[in-house]
Amino acid sequence: MNATVASEYSAERHSVPIEHRFNPYSDNGGTVLGIAGEDFAVLAGDTRQVVGYSINTRYEPRVFDVGDNIVMTANGFDADGAALIDRFRNSLKWYKFDHNGKRLSILSAARYIQHLLYGKRFFPYYVSTLIAGLDDEGRGAVYSYDPVGSYEREQCRAGGAAASLIMPFLDNQVNFKNQYVPGSDGKKKKELRYLSLEEVIQLVRDAFTSATERHIYVGDGLEILIVTKEGVRTEYFPLKRD
Amino acid sequence: MNHDPYVWGRPDDAVYGAYNHAIANASSHGNVQEETSFPKMNSQQPIITGTSVNSIKFKDGVIVAADNMGSYGSLLRFNNIERIFKVGKETVVGVSGDISDFQQIQRLLDELEITEEIYDNDGGHNLRAPNVHEYLTRVLYNRRSKMDPLWNAVVVAGFNDDKTPFLRYVDLLGVTYGLSAICTGFGAHLAIPLLRQLVPDDKDYQNVTEEQAREAIINCMKVLFYRDARSSDKFTLVTLKQGQPPKFEKDLRCENQNWRFAKDLVGYGSTQL
Amino acid sequence: MPGLSFDNYQRNQFLAAKGFGTPRATSTGTTIVGCKFAGGVVIAADTRATAGSIVADKNCEKLHRLAPQIWCAGAGTAADTEMVTQLIASNLELHSLSQNRKPRVITALTMLKQHLFKYQGHLGAYLIVAGVDPTGAHLMSVQAHGSTDIGHYQSLGSGSLAAMAVLETHWKPNMTKEEAVQLCAQAIELGIWNDLGSGSNVDVCVMEVGKDAELYRNYKTPNVRESKTRSYKFPRGTTAVLKERSWQVVDEQVVATGEPMEVDA
């Protein structure tokens, strides 16, 4: 029989006092997803806002058309997300006032957002930011950021609560990772090709219905913003509400 | 180098000595001596508090209700607090959380009303609920960003410019959302499930009559009184209807309370005494 | 040695101080309720099990049998509710056998509370115990620390507030069986919609005096998943075969030795 080591765990005092200080952040859940196509880009997000185990609302838009054929989302802590998008919209307005209504390219928008985020390097916006639109050649573009502004242009990216559930699915279905040409014995990777808008929407819907099944912070509704050279349009699909 | 995976790659204390927190006034991480000489303390917890504010939209307006209690921890300190007030002509604001911060918010909104409505400098544009909400959101978000929050959760009720009912929430973090039924605090757990039965989707408020909404809210106040230990059965209920000034009903009581079941319950297990 | 071992307590404290936290057991967000009616009692539960913010099981069973006519609904740490329930079920059966009487709800409750109290809340089991026995129908609850409660209706778990809102609004004395089942199911459903820790389906168990207990597994299924928009069937060979090794498995020849057994006389 093991002898129990005498330990005064009942009378133990912790060396650090219990902290009860104001936490300026909260996690409002939600998931977002951007995919770039040949001549279009989509940015989708679920419409549930949560805090803890409660649903704040089943419909609060998460993805926004910020103008100049750019759509944007900042997912994580909603107050920071709203503040970031507000600041970007405001800057875009002033950019137009100052430069005779000039159109802001997505390349420049992307770099500007990096500065907005890095400007709060030591009190960060607690969000994963995504923007989507068309580049100067008219090809679909998605840019993704970390909370302090490191960014990258990508073919696809998932952000927010269920990012880790959706991203591997996207790697496999958009960039054909781990898929080989049958009969090539793993020597030849499945060739990359652009997906059609229809295929992309199907992937987005399946990604969100699956994330809804397995993540408690995802659900209620799916809003997809689609950017083409004709402009931005929105599609809505209901999701499960449990 | 420290090989502990949580602080991997940082200088090892055993080799380089502990980090000097005095450099650049870095935070002391639990060094008690330094924390007692902390330069500035902001409000870190609410003191006297008000519990939930409950609200729901109906076909042509909004109903907001909140009880009249001010708690000092678990002490029933005040029973005459009015936590719903009017801003401008047709907007009301309901506040839960710290009462002193609530009074500060009240003063700010009084000031806003004077600059916007008395000194009319926007050509007769009325101060409406969306404007009040936006203003409050900025105030609360800026205060949280200064790490000096106003410890409240606020419901703004009124009308949009197009005369449709407006109902939106904002809290001490600056988080906002809009919905057809909003409850703060304990009500978000107890009352919201009941109100959502009436308005499962946002647009469903158009099918709800004033009587239905009123009945639902009054039932919520009763359930909250049963189950929220920081609530009272005396409350104020405000009805907003398009084109009419807000109707305040004060000193209402939860009616038809049922405590008769208690006589059948003896002990906490076996029925023997 | 029976019971929990605290041998590693000091080591764990030391590791925690160094930044290596102790592993946390999975706790299930849950909605469970119980309600008495004229001549019986009903309990109900949702079927979602979570591990943090991930749904671990979409259709788990939270209604456990303690005895043929005593059932309980469990919230809290999944493993604890399961093990504590199984242990008490066994002891209740042995007790019933030795006494040659049907087990009573109060016996189950007392065994549970004494067991849980012994572990000072370290067993995270929160249970609603209900059943019928020779003394009638009973509804009680036990908390992890061993305290118990009685009432005409009970709710426990992360969705208990949503469920309690329904119970406080619609409960009335001397309901019929059908009314009680409806009330419990509705209470669970509100937990499913409004509490993120609860979801999927509603399980119900009805215990009526003088009748066998009836378990209605998946009494309501309001959360059936819609079909996917695409097929994710890969052509054979999409996954590379990196290495192949095969074994020749030979059937061993059975060689008969000795005389065959005499079968017929």
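A note on names: the letters A, B, ... follow the listed sequences, proteins ahead of strands, and every chain is numbered from 1.
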For a 4.5 angstrom cut-off between non-hydrogen side-chain atoms, does B:Leu179 reach A:Tyr59? no
For the backbone of A:Phe22 and the side chain of B:Arg144, can you confirm whether one donor and one acceptor N or O come within less than 3.5 Å of each other? no
Check whether more than 12 heavy atoms from other residues, nucleotides or ligands sit under 6.0 Å from atom CG of A:Asn100, and answer yes or no. no
Starting at CZ of A:Arg241, measure out to CZ of B:Arg196 and round the result to the nearest 0.5 Å. 8.5 Å
Would you say A:Gln49's side chain and B:Thr176's backbone share a donor-acceptor pair under 3.5 angstrom? yes
Check the surroundings of atom CZ in A:Arg103: do more than 12 heavy atoms from other residues, nucleotides or ligands lie under 6.0 Å from it? yes
What's the shortest heavy-atom distance between A:Glu60 and B:Gly178, and which atoms? OE1-N, 3.3 Å
Measure the spacing between CG of B:Asp171 and OG of A:Ser26 and express it to the nearest 0.5 Å. 7.0 Å
Between A:Asn28, A:Asp86, A:Asp80, the one whose heavy-atom pairs under 4.5 Å with chain B are most numerous: A:Asp80
Give the interface residues of residues 128-142 of chain B toward chain A, defined by a heavy-atom separation under 4.5 Å. B:Glu134, B:Arg138, B:Tyr141
Applying a heavy-atom distance below 4.5 Å, give me the residues of residues 113-127 of chain A that approach chain B, sorted by number. A:Phe123, A:Tyr125
Is B:Asn2 atom CG crowded by more than 12 heavy atoms from other residues, nucleotides or ligands, each under 6.0 Å away? yes
Heavy-atom pair count under 4.5 Å with chain B, highest-scoring of A:Asp78, A:Ile55, A:Asn56, A:Thr57: A:Asn56
In terms of heavy-atom proximity below 4.5 Å to chain A, should B:Pro200 be classed as side chain, backbone, both, or neither? both
Heavy-atom contact with chain B under 4.5 Å, split by part of A:Phe77: side chain
Does a sphere of radius 6.0 Å around OH in B:Tyr72 hold more than 12 heavy atoms from other residues, nucleotides or ligands, not counting ones at 6.0 Å or beyond? no
